[in-house]
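Read the structure below first, then the notes.
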Amino acid sequence: MKKSLVVTNDDKVSNYVNDDVALSILSKLSFKSLKRFECVRKSWSLLSDNPTFMSMYRRNFFSKCSYDDDTSLILHIHGQKKLHSLSGEGFENMAELDLPDQIDHLNFLGFGCVNGILCFEEPLWNKTVLWNPTTNELKVIRSSPFQSFTPPATLNFEAAVRYSTIPNLHGFGYDCVGDDYKLIRYASIRPKFHTFQPSHRDLKLARDKSLKPFWEIYSLKNNSWKKLEIDMPSCTKYNSGFGTFRVYLDGACHWLNLDKENNYIGASLISFDLSNEVFISTPIPSFVGEPCTGLLVLNGSIALFTYHENMSCFNISTFDISVLGELGVKESWYKLFTVGPLPFFKSPIGVGKKGEIFFRKNDSELVWFDFNTNTIKHLGFKAGRDKRRGNCFGRIVIYNKSMLSIGAKSN
């Protein structure tokens, strides 16, 4: 009579895969894959507490990332309304891009490069423009029909002209299911209190349901806007020094919903899927409790940057980088890197393809931190100052050249 042998998953892993080999393999996985494999063995769920493994994983995190001839970095300087292309091993090659007249005075939104397309906006003019620097193709987005405020019956004309609709673009990205580019934005109707002294009646009318903010989405394929019947948290952004609180990744637009002090206590990451037009909220873990520095895409993962200022030395700072493994799962946040202490650094303004973090120093000089060598390198470029805004903070995104057409023509 033959005996049956039952082999458990743990037995298989233990008997056929050497621990050192297993850890070496795990250290080369993407972050999302690593989080999925934690359930295989209990010891693998505790890898974050293993300093040897974490050192190996950090070393391999950017090992497969490289730049090719079609990839560069785009640097935008606020106030100067200029774009620069950075290339070369040490980003020593800097060339200013010729901007079309239609975007010369618009704000560059660092959602990242979407199939070679960059997004620009001017909210006060209600103008949004898409531009492909490679082909120089440009698309001016048509105005939303919902942006023209129609006064409700409770408002007379005199009161109605005191209100305006303020759009707030939250994301631009590609819907791979519908083969469509989309914009998502939050529109609020606000009293123009800066032009008049509000009366008790004005304040009461401001609470009218017809004046409530709303979400709207634009489809490039249909060249049309539509209202979304959705109750979704907006991006509460109070740090004017670092604007990357909104990013695009894998068919979804992501933004942070923080409190007024930029703290993560009770805050969340909001992820809006452009294909099915639903959102997922991912709570921010308690270990990320410092004031927010920003939201970036790091090697294909959502990353939170948390800023720590040395209280005994004002010009010394440290940054923690926490990466998300799975949307909607609070426990999948992972504190992956600590950068610093760094001297005379303010806010990071973007990351490169190999994980380089770009910073603006106190004197507005742009520098970058190299993860592979743990060294600081200078770009030899100063952003300068803007008379109205002070230091120009800038933004950096990874740009991949593309000959693809933006799509529909303007009406």
Could you tell me whether [X] atom [atom1] has more than 12 heavy atoms of other residues or ligands within 6.0 Å of it?
X	atom1	answer
K226	NZ	no
N136	CG	yes
F53	CZ	yes
K353	NZ	yes

| Given the side-chain rings of F369 and F319, with only the six-membered ring counted for Trp, is the space between their centroids under 6.0 Å? |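 Between F369 and F319, the centre distance exceeds or equals 6.0 Å.
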Let me confirm one number: the [atom1]-[atom2] distance from [X] to [Y], rounded to the nearest 0.5 Å.
X	Y	atom1	atom2	answer
H254	L256	NE2	CG	11.0 Å
R185	H170	CZ	NE2	12.0 Å
K330	S268	NZ	OG	11.0 Å
F91	S85	CZ	OG	11.0 Å
L274	D250	CG	CG	11.5 Å
F337	S322	CZ	OG	11.0 Å

| request: Could you verify whether a donor N or O on one side chain and an acceptor N or O on the other, from N115 and S402, lie under 3.5 Å apart? | output: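 Absent: no donor and acceptor within the cut-off.
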| message | Checking R246 against N168: is there a side-chain donor and acceptor pair closer than 3.5 Å? | response |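 Side chains of N168 and R246: pair found under 3.5 Å.
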Min side-chain heavy-atom separation [X]-[Y] under 4.5 Å:
X	Y	value
N400	D70	no
V297	V351	no
Y186	P213	yes
I270	C235	no
Y218	T128	no
W131	Q102	no
K127	F120	no
L109	F172	no

| For the residue pair F108 and H76, does the interplanar ring angle fall in the parallel (under 30°), tilted (30 to 60°) or perpendicular (over 60°) class? |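 If you compare the ring of F108 with that of H76, the planes turn out perpendicular.
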| request: Determine, step by step, whether I321 and I357 satisfy the side-chain contact (heavy atoms from CB on, under 4.5 Å) criterion, reporting the C-alpha distance in whole Å, the side-chain angles of both residues, the deciding distance to 0.1 Å, and the verdict. | output: CA-CA 11 Å; I321 304 175; I357 307 178; 3.6 Å; yes
| message | Using the side-chain contact (heavy atoms from CB on, under 4.5 Å) criterion, which residues pair with S224? Sequence neighbours excluded. | response |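 Testing S224 for side-chain contact (heavy atoms from CB on, under 4.5 Å), a comparison that skips the adjacent residues, returns N222.
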| request: Test I406 against T135 for side-chain contact (heavy atoms from CB on, under 4.5 Å), laying out the working first. | output: CA-CA 10 Å; I406 291 178; T135 63; 5.9 Å; no
| field | Under the ring-ring contact (aromatic ring centres under 6.0 Å, His included) test, residues paired with Y174 that sit two or more places apart | value |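 Expected list: Y181.
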Determine the sole option in [options] for which the side chain to side chain contact (heavy atoms under 4.5 Å, CB included) test with [X] is passed.
X	options	value
L304	D320, L296, L295	L295
C253	D273, I184, L169, L183	I184
C113	L73, I74, T71, L118	L118

| query | Is any NZ, NE, NH1 or NH2 atom of the basic residue among E277 and K182 found under 4.0 Å from an Asp or Glu carboxylate oxygen of the other? | reply |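 Between K182 and E277 there is a salt bridge, with a charged N closer than 4.0 Å to a carboxylate O.
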| message | Using a 3.5 Å distance criterion without hydrogens, assess whether the side chain of E331 forms a donor-acceptor pair with backbone atoms of V329. | response |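 Side chain of E331 to backbone of V329: no pair is present.
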| field | N/O donor-acceptor pair under 3.5 Å between N132 side chain and E137 backbone | value |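 The answer is no, because no donor-acceptor pair under 3.5 Å joins these two groups.
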List the atom of [X], the atom of [Y], and the distance in Å for their closest heavy-atom pair.
X	Y	answer
P133	Y399	CD-OH, 3.2 Å
S271	L327	OG-CD2, 3.4 Å
G352	F358	N-CE1, 3.8 Å
F279	P233	CE1-CD, 4.0 Å
V323	S301	CG1-CB, 3.3 Å
P283	W333	O-NE1, 3.0 Å

| message | With side-chain contact (heavy atoms from CB on, under 4.5 Å) as the criterion, how do W215 and F272 come out once you've worked through the C-alpha distance, each side chain's angles and the decisive distance to 0.1 Å? | response | CA-CA 12 Å; W215 288 94; F272 180 79; over 6 Å; no
| task | Check the pair L75, L366 against side-chain contact (heavy atoms from CB on, under 4.5 Å), reporting the backbone distance first and the verdict last. | result | CA-CA 10 Å; L75 166 66; L366 296 181; 3.6 Å; yes
